[in-house]
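I have placed the structure first, in the form of structure tokens, so that the comments after it can refer back to it.
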Amino acid sequence: PGPICDDVDDVFLTAIPAGGTFGGSIITPDGEINPNMNPPGTYPINYSYTDGFGCESTALADIFILETPNATATNNGPLCGGEQILLFGETDGVGANIVYSWTGPGGYISTMQNPVNASAGGFYNLYVTVEGCVSEVAVTQVDVSTTPDAVASNDGTYCNGQTNTLQEKTDDTSNVN
């Protein structure tokens with residue numbers, strides 16, 4: 001079999017012809033493996049079969065238990081309206097086949113490690129798959145504040161040297177000093 005993730009409870013192997021016996025440190029004679037009870041690594045197993053004439057044959061194989069990866073999702077927020085949203089994905093998983101899977105607001109989907117095409121604030125979910133083992137979800141919240149409308153005005157024409165007073169108005173309701 002291919003690699004088995006260490007978060008899997010039970011795996012049952014079969015062999016042809018049926019009726020033989022499995023052997024090895026992580027497998028029961030009937031072919032059961034509990035990957036979640038063994039550390040990641042390579043484990044040799046064997047399958048022995050004796051036919052009706054007393055002829056015996058043994059096949060050898062290695063079982064690979066892989067560690068389930070962890071995912072980390074972050075972003076470049078908080079942002080003001082109109083600023084580009086950048087998502088950042090990381091994993092501690094190691095392997096030749098690493099896939100990043102992002103989902104988010106409005107049906108957002110990306111398979112880039114660090115997408116630059118998200119367009120809405122909200123929660124973004126990341127799963128990382130390493131050699132077929134899928135991480136738990138990592139979540140990042142992108143905070144985007146609306147750009148306030150600001151207006152400045154004065155109450156007349158002023159000559160050089162006169163004091164000019166500007167009045168400001170904004171629709172911003174935050175308390176900024």
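The shown structure was predicted, so the numbers you read here are calculated from the model rather than taken from an experiment. Because only heavy atoms are used, hydrogens play no part in the values below, and waters and symmetry mates are left out as well, while side chains stay in.
- In terms of modelled atom types and a separation under 3.5 Å, the side chain of Y49 and the main chain of T21 share no donor-acceptor contact.
- Note on I4 and V130: separate hydrophobic clusters, where clusters join Ile, Leu, Val, Met, Phe, Trp and Tyr whose side-chain heavy atoms are under 4.5 Å apart, directly or indirectly.
- Judged by distance alone, the side chain of N125 and the main-chain N or O of T103 form no donor-acceptor pair under 3.5 Å.
- Note on V134 and V8: separate hydrophobic clusters, where clusters join Ile, Leu, Val, Met, Phe, Trp and Tyr whose side-chain heavy atoms are under 4.5 Å apart, directly or indirectly.
- Using a 4.5 Å heavy-atom cutoff, the side chains of P69 and D92 are in contact.
- Each of L66 and I33 belongs to its own hydrophobic cluster when Ile, Leu, Val, Met, Phe, Trp and Tyr are linked at side-chain heavy-atom distances under 4.5 angstrom.
- Counting non-hydrogen atoms of neighbouring residues, nucleotides and ligands closer than 6.0 angstrom, the CD atom of Q141 exceeds 12 such neighbours.
- In this structure, the side chain of S135 engages the main chain of V128 through a donor-acceptor pair within 3.5 Å.
- Between L126 and E90, the closest heavy-atom pair is CD2-N, 4.4 Å.
- Of the inter-residue distances, the one linking E32 atom CD with D10 atom CG reads 4.5 Å to the nearest 0.5 angstrom.
- A donor-acceptor contact shorter than 3.5 Å is absent between the side chain of T129 and the backbone of C133.
- If you take CD1 on I27 and CZ on F12, they are separated by 10.5 Å, rounding to the nearest 0.5 Å.
- One N or O on the side chain of N34 and one on the backbone of D9 form a donor-acceptor pair closer than 3.5 Å.
- Contact annotation: the side chain of N36 never approaches that of D7 to less than 4.5 Å [non-hydrogen atoms, C-beta and beyond].
- Here the closest non-hydrogen pair linking S48 and T58 is OG-OG1, 3.0 Å.
- The structure places CG of N76 at 7.5 Å from CD of E83, a figure rounded to the nearest 0.5 Å.
- In this structure, Y108 and N117 approach most closely via the heavy-atom pair OH-OD1, 2.6 Å.
- Within a 6.0 Å sphere centred on CE of M112, other residues, nucleotides and ligands contribute more than 12 heavy atoms.
- Summarising the local packing, CD of Q113 is surrounded by more than 12 heavy atoms from other residues, nucleotides or ligands at distances under 6.0 Å.
- Contact of the Y100 side chain with the S110 side chain is not registered, since no non-hydrogen atoms from C-beta on lie closer than 4.5 Å.
- You'll find the side chain of T72 stays beyond 4.5 Å of the side chain of T91, heavy atoms only.
- Separating the OG atom in S119 from the CD1 atom in I85 is a distance of 6.5 Å, to the nearest 0.5 Å.
- Open room surrounds OH on Y127; 12 or fewer heavy atoms of other groups in view lie less than 6.0 Å from it.
- Without hydrogens or angle criteria, Q84 side chain to V116 main chain gives a donor-acceptor distance under 3.5 Å.
- In the displayed structure, F123 atom CZ is contacted under 6.0 Å by at most 12 heavy atoms of other residues, nucleotides or ligands.
- The CE atom of M37 sits 13.0 Å away from the CG atom of D6 when rounded to the nearest 0.5 Å.
- Judged by distance alone, with hydrogens and angles left aside, the side-chain atoms of E131 form a donor-acceptor pair with the main-chain N or O of A96 at under 3.5 Å.
- Residues N114 and L86 have side chains not in contact (no heavy-atom distance under 4.5 Å, counting atoms from C-beta outward).
- Annotation for D30 and F22: closest pair C-CD1, 3.8 Å, computed over non-hydrogen atoms.
- With rounding to the nearest 0.5 Å, the separation of CD1 in I26 from CD1 in I63 is 6.0 Å.
- Residues W102 and T74 approach most closely at CH2-O, 4.4 Å, considering heavy atoms.
- Nearest approach of Y124 to P105, heavy atoms of both residues: CZ-CD, 3.4 Å.
- For the residue pair D62 and T42, no side-chain donor N or O sits within less than 3.5 Å of a side-chain acceptor on the partner.
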